[in-house]
Amino acid sequence: MAIKERMSGNEAVAYAMKQINPDVMPAFPITPSTELPQFVSSYIADGEMDTEFIPVESEHSAMSAAIGAEAAGARTMTATSSAGLALMWEMLYVAASNRLPIALALVNRALSGPLNINCEHSDSMGARDSGWIQIYAEDNQEAYDNFIQAYRIAEHPDVMLPIMICQDGFIISHGVSNITLLEDEKVKAFVGEYCPKHYLLKADEAMAVGPYAVSCYGMEAKRAQAQAMINAKQVILDVASVYKTISGRSYGLFEAYRLEDADYAIVAIGSACGTTKDAIDALRVQGKKVGLLKVRVFRPFPGKELAEALKNCQAIAILDRCESFSANGGPLAAELSAALFQAKSQAEVLKIVYGLNGRDYTVTEAEQIFADLEEIAENGMGADAAEYRYIGLRE
Amino acid sequence: MNQSTLPLGSFKEIQNRPERLAAGHRLCAGCGGTIAVRNVLKALHPGDKAVIGNATGCLEVSSFTYPYTAYEDSYIHNAFENAGATLSGVETAYHALKKKGKITEQYKFITFGGDGGTYDIGFQSLSGAMERGHDMVYVCYDNGAYMNTGIQRSSATPMYADTTTTPVGKQSDGKPQGRKDLAAIMAAHNIPYVAQTTFLGNMMDLYQKSEKAIYTKGPAFLNIMAPCPRGWRYDAPDMIKICKMAVETCYWPLFEVIDGKWRLSYQPKEKLPLEEFLKLQGRFKHLFLPGNEHLIEAFQAEVDRRWEELLCRCENSD
């Protein structure tokens, strides 16, 4: 029987970590992900896990040690937020290019400055081109479910890439809500043993990791890595369908919420989706044809699939919980706009930045966005209207 | 004589051990780094497995150029500043897998970094790995500058050395600062074994310290002065003479710190003047120009002060 509980996102992911019981975890504390290494340390201290925890002196060393451990043949995980991910940056690329299926629990938080500990996606979005798979959660249940699925995706022979399981800092990580957990044995059987083909500590085979490569080899390595990310799309779907058989919960690359007949859509990532769903439910009662496209998987970016899901919409608002400082909208807006263009979409598009530095995103704001979309669809964008705009900004 | 009948650790037996750094790497002729690696790896007992780590630097780009590796053992290069943390991850994985019965063999963990990757950009990573007590050896092959990027000064560069970021000029005598004493800093980590050495005679000092470092349980740090013909500007055949002069002038003393006890490995019968070391190298050429006598005096005074301090540490450990 599944276990009904009440947990925060951090508690839920830590519980998943305990159930998976990986071999090694190097980590360094940073708000709001600090609880993850704390919970794991307590589980180890109480004999509930036998993971080797490495209390490294920085996040740079956390990712460096994770690379060493994973290359040595150990299933490895870490956790971080914000500046911690930024300090890992260089090593994120190395982890991916060495094709090491490390799992990283990311609790999204704003990058400085100003120094701020609250939710923003600037940390993970900044790392979007580092070669890591990125999966985002709407709530604690999804954060838990995504983490349990992480290693089966990352370690799949067609993939062999590191994976970042993201949840919104504080909003999910510290917000307590109902959750359904799987039994330990089910998780253990689902995740399986880690049996890498090649690793440093393989008895009958020496191995060298991290070469210097000149231009006659490097490009092929990158192309092979790109192929792994392309392959990841199908693997994510396959793993989700197996996961459904043990959990009863369905996951895809995205979730379409009341989108099928929607004229107006919001596209968002993370906890904002729950808020948007509430607005949609209220507006639907009023007869408004509104819907949500929740992006679960940002890397690999399911551009075609997202554009297809939005094909009947007249106007679309793409929400980014971070800036790109491109003067043209955030990263989701940029990538999805390109996908819509490729799909020959005629929809009007608003690129909206919201929720920076933990600013609340409210049902009222979601309703306002839908009203703006309706206005634009009926009367056009208008000469003075900005396609790229902020919501929730103080006057 | 059959190899196996030689007493373990005899000069001949050691020299007969198979090379664990294969020929064909692309390091310069007369590179001290290569000599350091070959001799440290000879201290691994035959039959013992090892994972070798390496910070980015000359050694790495010249010994693991895809698709060739010069290492007979498993090897990992990660980045410039994280050789300590990287090998600490490998060593931890070893314990995790051993605990689960997935590995039965005995492995040793040795990582190499130049002074750039060790004294400077990798200092934090090294300090963390040593403090956490991983059973590994960190070997610094100290050639006293960032040689891979073209001879820029490091905190290991000796005072007055002419480097590309401390060039000698009308307003400059070379590097204004003295070198950081990294071996002492590592000793202050209270790890079980720290040693400083270089290439002398039959390499027994280097061998013995490497063996102790590898077979002492817990973290160990070896600082090996490893001359660089490009950066120091000497004729390759002069390298061994330079090493000898570094030791005889007490510029580069040989010592060990075992469980906190300092021990001098070699005391010159007659301490030679520093010029004997300096004059062999182009990077100190300007010190011998008329009017620069005071620079050599200042450098000599610094070497004397550090030597006395070391003697004091060793005496206090008795």
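Per chain, numbering begins at 1; letters A, B, ... match sequence-line order.
- Each of Gly218(A), Ala203(A), Ala221(A) has some count of heavy-atom pairs under 4.5 Å with chain B, and the biggest count is that of Ala203(A).
- For chain B, no part of Phe53(A) is nearby; none of its heavy atoms comes within less than 4.5 Å.
- Looking at Thr65(B), its side chain never comes within 3.5 Å of a backbone N or O of Tyr212(A) through a donor-acceptor pair.
- Within the model, atoms CD1 of Ile54(A) and CZ of Arg132(B) stand 6.5 Å from one another, a figure rounded to the nearest 0.5 Å.
- Salt bridge annotation for Lys100(B)-Glu193(A): absent, with no cationic side-chain nitrogen under 4.0 angstrom from a carboxylate oxygen.
- With respect to chain A, the highest number of heavy-atom pairs below 4.5 Å among Leu97(B), Val51(B), Ile52(B), Thr69(B) belongs to Leu97(B).
- Contact between Ser74(B) and Ala206(A) at its shortest, heavy atoms only, is OG-CA, 3.4 Å.
- For Lys99(B), the NZ atom is densely surrounded, since the number of other residues' heavy atoms within 6.0 Å is greater than 12.
- In this structure, chain B has a heavy atom under 4.5 Å from the side chain of Ala71(A), while its backbone stays farther away.
- At least one donor-acceptor pair under 3.5 Å links the side chain of Tyr107(B) to the backbone N or O of Leu201(A).
- In this structure, the portion of Val94(A) lying under 4.5 Å from any heavy atom of chain B is its side chain and not its backbone.
- Nearest heavy-atom pair, Glu60(B) versus Gly210(A), reported as atom, atom and distance to 0.1 Å: OE2-O, 3.5 Å.
- Contact tally against chain B (heavy-atom pairs below 4.5 Å) for Lys202(A), His60(A), Arg75(A): the top residue is His60(A).
- Nearest approach of Ala208(A) to Phe64(B), heavy atoms of both residues: CB-CZ, 3.4 Å.
- Residue with the most contacts toward chain A among His95(B), Glu72(B), His134(B), Glu105(B): Glu105(B) (heavy-atom pairs, distance under 4.5 Å).
- Heavy atoms closer than 4.5 Å to chain B are found in the backbone of Glu205(A), but not in its side chain.
- In this structure, Asn98(A) CG and Ile76(B) CD1 are separated by 6.5 Å, a value rounded to the nearest 0.5 Å.
- For Arg38(B), the CZ atom counts as loosely surrounded, since its 6.0 Å shell holds 12 or fewer non-hydrogen atoms of other residues, nucleotides or ligands.
- Distance check, rounded to the nearest 0.5 Å: CD of Glu220(A) to OH of Tyr66(B) gives 9.0 Å.
- In terms of heavy-atom pairs under 4.5 Å with chain B, the best-connected choice from Ala62(A), Pro26(A), Pro55(A) is Pro55(A).
- Judged by distance alone, with hydrogens and angles left aside, the side-chain atoms of His77(B) form no donor-acceptor pair with the main-chain N or O of Pro211(A) at under 3.5 Å.
- The choice from Ala69(A), Cys216(A), Ala74(A), Ala72(A) that makes the most heavy-atom pairs within less than 4.5 Å of chain B is Ala69(A).
- Between the CE atom of Met207(A) and the CG atom of Asp73(B) there is a distance of 14.5 Å, given to the nearest 0.5 Å.
- Heavy-atom neighbours of Arg20(B) CZ from other residues, nucleotides or ligands within 6.0 Å: above the threshold of 12.
- Although no hydrogens or angles enter the test, the distance criterion places no donor-acceptor pair under 3.5 Å between the side chain of Lys102(B) and the main chain of Gly73(A).
- Side-chain contact of Ser58(A) with Gln124(B): a donor-acceptor pair under 3.5 Å is present, judged by distance alone.
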